[in-house]
Q: 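My questions all concern the structure below.
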Amino acid sequence: MEKLKRPVYLKAGTDDFFKKMRTEVNETILQNSSLYLFNIIKSLGLLLLFFLFYSCILLFGNSTLLLFLFYILCGVTMIMLFINAFHDAAHGALFKKAKHNEWFMYVLELFGGNHWLWTRRHINLHHAYPNVPDWDIDIKQSDIIRIFPNSPLFNYHKYQHIYMWLIYPFYSLNWIYIRDFKDFFGRKNNYVKKVVDKIPQKEIFMLFTAKIINLFYLLFIPMFALNQRWYVILAAWFAMHLCGSILGVVALVSTHVDEDAHFPETDHDGNLSATWAMHQMIVTKDFSTNSKLANFLYGGFTHHVAHHLFPGVGHTYYPYITPIIRRYAQQYNLPYTSYPFYHAVRSHFRMLKNKGVKENIMLTGEI
């Protein structure tokens with residue numbers, strides 16, 4: 001893959017809003033240690049809950065109804081762990097000590113993921129350059145879907161606002177069993193190779209080991225232990241991934257890729273036109289911030305602007321940081337958007353429809 005210059009943000013001035021905002025957040029919100037403790041309790045509780053539901057599969061799975069129920073509950077809990085606990089740990093925001101976050105991230109391998117790879121594509125690519133074409137790997141994943149204005153337009157993209165309803169439910173299966181291998185061994189559009197010169201042999205071993213262990217305990221042990229036909233258990237396993245993915249995709253499509261999304265491009269020297277903090281405000285959206293249920297399910301994704309401005313802070317602090325962001329947005333005339341999740345999802349599919357037609361092929365840079 002061709003080498004591109006790393007994007008460079010505009011240098012912040014002395015009166016930069018974020019310097020003042022960061023000071024206020026540090027001196028007020030981050031002094032509340034109870035929110036730090038709650039995050040740990042929630043994360044460990046979700047982990048215990050997942051394995052409790054898994055135990056129920058083995059104990060009560062001879063009933064087909066209960067088999068599907070507990071597999072689906074495993075799927076929901078799995079996605080909540082990814083979005084809440086593992087996401088915070090990847091940012092070094094779950095525990096105070098870096099080594100504790102690193103240890104916790106190894107638990108991700110039990111779910112079929114690879115924490116070394118996820119950290120590099122999420123932290124070093126998405127968070128470093130959100131919505132920047134040729135850099136944000138969380139947006140550009142496959143030619144099946146066209147989001148970036150500079151991505152190639154194929155005839156089938158005119159239907160992407162229809163067929164993506166059927167593809168999104170396979171998100172977790174794609175992540176674990178296709179995307180990880182593509183990022184490790186693929187050559188076409190391999191964004192990870194931009195920030196990694198050589199993949200350690202240990203991580204290649206961990207990649208295959210994690211997939212095998214995940215399939216063994218979630219699929220093959222129930223097949224041997226339960227008095228159910230293999231295809232019934234396979235169907236329940238699929239239901240786990242489908243239901244979990246549907247829950248998770250709401251967060252993924254609601255924060256960066258709506259019909260008003262911006263995709264800033266660099267100039268020939270690799271320079272972006274905004275400061276780092278202003279860039280986060282421009283390309284990031286909040287959704288359902290006032291919903292306690294949404295905040296519990298999706299963690300920092302509902303308060304996504306706060307997450308991008310303060311990625312090293314646990315998600316339990318974000319509901320208290322967001323009002324400060326709104327105040328600064330009004331005071332400094334900064335872009336800030338928050339809307340209900342159903343509006344965000346609807347806007348995302350409108351964007352897919354717009355990006356699937358020929359008229360948009362000339363729209364590059366900021367829109």
Side-chain angles (χ1 to χ4, degrees), residues 43 46-47 49-51 53-54 57 68 70-90 104-126 137-145 164 166-186 188-192 196 199-200 202-223 230 233-253 298-299 301:
S43 298
L46 286 172
L47 187 60
L49 193 61
F50 174 86
F51 285 105
F53 290 145
Y54 172 71
I57 291 174
F68 274 83
F70 288 118
Y71 258 115
I72 290 172
L73 289 174
C74 276
V76 170
T77 312
M78 174 184 70
I79 293 300
M80 288 182 65
L81 274 165
F82 272 80
I83 292 175
N84 290 268
F86 296 134
H87 186 222
D88 273 8
F104 189 78
M105 284 298 290
Y106 274 102
V107 181
L108 177 67
E109 316 290 329
L110 294 176
F111 294 84
N114 182 276
H115 81 280
W116 179 89
L117 176 62
W118 186 33
T119 299
R120 276 145 189 83
R121 68 188 179 200
H122 183 69
I123 307 297
N124 296 354
L125 287 166
H126 171 64
I137 192 174
D138 281 357
I139 291 181
K140 174 62 176 180
Q141 296 185 21
S142 168
D143 284 337
I144 292 176
I145 182 172
M164 286 309 298
L166 303 176
I167 293 178
Y168 275 143
F170 293 90
Y171 185 86
S172 63
L173 286 169
N174 174 70
W175 179 350
I176 296 172
Y177 302 110
I178 298 177
R179 185 184 178 192
D180 279 357
F181 289 101
K182 175 185 174 183
D183 288 342
F184 263 84
F185 306 111
K188 181 182 177 182
N189 292 331
N190 193 327
Y191 286 23
V192 175
V196 175
I199 297 175
K202 170 190 171 184
E203 297 306 328
I204 296 177
F205 172 79
M206 289 292 294
L207 175 76
F208 285 96
T209 302
K211 314 301 182 190
I212 293 171
I213 292 175
N214 180 260
L215 286 173
F216 179 73
Y217 82 86
L218 275 177
L219 193 57
F220 296 129
I221 287 182
M223 284 183 177
W230 66 269
I233 295 175
L234 181 64
W237 178 79
F238 267 111
M240 174 188 75
H241 280 285
L242 296 180
C243 293
S245 294
I246 290 171
L247 177 68
V249 162
V250 171
L252 298 173
V253 305
Y298 294 113
F301 280 81

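Only this structure's heavy atoms are used, side chains among them; waters, hydrogens and symmetry mates stay out.
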Q: Can you list every pair that meets salt bridge (charged side-chain N to carboxylate O under 4.0 Å, His left out) and has a residue in residues 202-221, with sequence neighbours left out?
A: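 Non-adjacent pairs meeting salt bridge (charged side-chain N to carboxylate O under 4.0 Å, His left out): Asp180-Lys211.
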Q: Taking side chain to side chain contact (heavy atoms under 4.5 Å, CB included) as the definition, give me every residue that meets it alongside Ser142, ordered by chain and number, with sequence neighbours left out.
A: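 By the side chain to side chain contact (heavy atoms under 4.5 Å, CB included) rule, Ser142 matches Ile144.
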Q: How would you list, by chain and number, every residue that makes a side chain to side chain contact (heavy atoms under 4.5 Å, CB included) with Arg179, sequence neighbours excluded?
A: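 Here the qualifying residues are Arg121, Ile137, Asp138, Gln141, Tyr171, Asn174, Asp183.
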Q: Tell me, do Phe104 and Leu47 make a side-chain contact under 4.5 Å, heavy atoms counted?
A: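 Answer yes - side chains close enough.
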Q: What is the minimum heavy-atom distance between Ala89 and Met105, and which atoms define it?
A: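 Shortest heavy-atom separation between Ala89 and Met105 comes out as CB-SD, 3.7 Å.
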Q: Using 0.5 Å steps for rounding, measure from the CD1 atom of Ile213 to the CG atom of Leu218.
A: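 If we round to the nearest 0.5 Å, Ile213:CD1 and Leu218:CG are 11.5 Å apart.
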Q: Before giving the answer on side chain to side chain contact (heavy atoms under 4.5 Å, CB included), spell out for Ile178 and Phe170 the whole-Å C-alpha distance, their side-chain angles and the decisive distance to 0.1 Å.
A: CA-CA 11 Å; Ile178 298 177; Phe170 293 90; over 6 Å; no
Q: If the condition is ring pair (Phe, Tyr, Trp, His ring centres under 6.0 Å), which residues does Tyr217 pass it with, not counting sequence neighbours?
A: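 With sequence neighbours excluded, Tyr217 shows a ring pair (Phe, Tyr, Trp, His ring centres under 6.0 Å) to Tyr54, given in chain and number order.
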Q: Not counting sequence neighbours, which residues clear side chain to side chain contact (heavy atoms under 4.5 Å, CB included) with Ile145? List them please.
A: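 Testing Ile145 for side chain to side chain contact (heavy atoms under 4.5 Å, CB included), a comparison that skips the adjacent residues, returns Ile147, Gln160, Met164, Tyr168, Leu352.
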Q: Which heavy atom of Asn214 sits nearest to which heavy atom of Gly112, and what is that distance?
A: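 In this case the closest contact between Asn214 and Gly112 is ND2-N, 3.6 Å.
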Q: Does some side-chain heavy atom of Tyr298 sit less than 4.5 Å from a side-chain heavy atom of Val250?
A: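 Answer yes - side chains close enough.
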Q: What are the two closest non-hydrogen atoms of Asn114 and Leu207, and how far apart are they?
A: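 That would be ND2-N, 3.9 Å.
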Q: Using the side chain to side chain contact (heavy atoms under 4.5 Å, CB included) criterion, which residues pair with Ala236? Sequence neighbours excluded.
A: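 Testing Ala236 for side chain to side chain contact (heavy atoms under 4.5 Å, CB included), a comparison that skips the adjacent residues, returns Leu67, Phe68, Tyr71.
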Q: Using a 3.5 Å distance criterion without hydrogens, assess whether the side chain of Tyr177 forms a donor-acceptor pair with backbone atoms of Ser172.
A: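 No; zero donor-acceptor contacts below 3.5 Å.
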Q: Output all residues satisfying ring pair (Phe, Tyr, Trp, His ring centres under 6.0 Å) with Phe181, sequence neighbours left out; order by chain, then residue number.
A: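 For Phe181 the ring pair (Phe, Tyr, Trp, His ring centres under 6.0 Å) partners, ignoring immediate neighbours, are Phe208.
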Q: Is the shortest heavy-atom distance from the side chain of Phe50 to the side chain of Leu110 under 4.5 Å?
A: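 The answer is no; the side chains never approach within 4.5 Å.
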Q: Contact between Ile57 and Cys74 at the side-chain level, heavy atoms closer than 4.5 Å - yes or no?
A: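 SC-SC contact between Ile57 and Cys74 confirmed.
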Q: Trp237: what forms a ring pair (Phe, Tyr, Trp, His ring centres under 6.0 Å) with it, not counting sequence neighbours?
A: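 Once residues adjacent in sequence are excluded, the partners of Trp237 under the ring pair (Phe, Tyr, Trp, His ring centres under 6.0 Å) criterion are His241.
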Q: Tell me, please, which residues at least two apart from Tyr106 pass ring pair (Phe, Tyr, Trp, His ring centres under 6.0 Å).
A: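 Counting only residues at least two positions away or on another chain, Tyr106 forms a ring pair (Phe, Tyr, Trp, His ring centres under 6.0 Å) with His115.
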Q: Which donor-acceptor pairs under 3.5 Å do side chains of residues 78-87 form with protein atoms, sequence neighbours excluded?
A:
unit_1: Asn84; atom_1: OD1; unit_2: Lys42; atom_2: NZ; d: 2.8
unit_1: Asn84; atom_1: OD1; unit_2: Gly299; atom_2: N; d: 3.3
unit_1: Asn84; atom_1: OD1; unit_2: His315; atom_2: NE2; d: 3.3
unit_1: Asn84; atom_1: ND2; unit_2: Met80; atom_2: O; d: 2.9
unit_1: Asn84; atom_1: ND2; unit_2: Leu297; atom_2: O; d: 2.9
unit_1: His87; atom_1: ND1; unit_2: Ile83; atom_2: O; d: 3.4
unit_1: His87; atom_1: NE2; unit_2: His91; atom_2: NE2; d: 3.4
unit_1: His87; atom_1: NE2; unit_2: His122; atom_2: NE2; d: 3.0
unit_1: His87; atom_1: NE2; unit_2: His307; atom_2: NE2; d: 3.1

Q: On a heavy-atom basis, which atom in Thr77 and which in Leu73 lie closest, and how many Å separate them?
A: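 Looking at all heavy atoms of both residues, the shortest contact is OG1-O, 2.7 Å.
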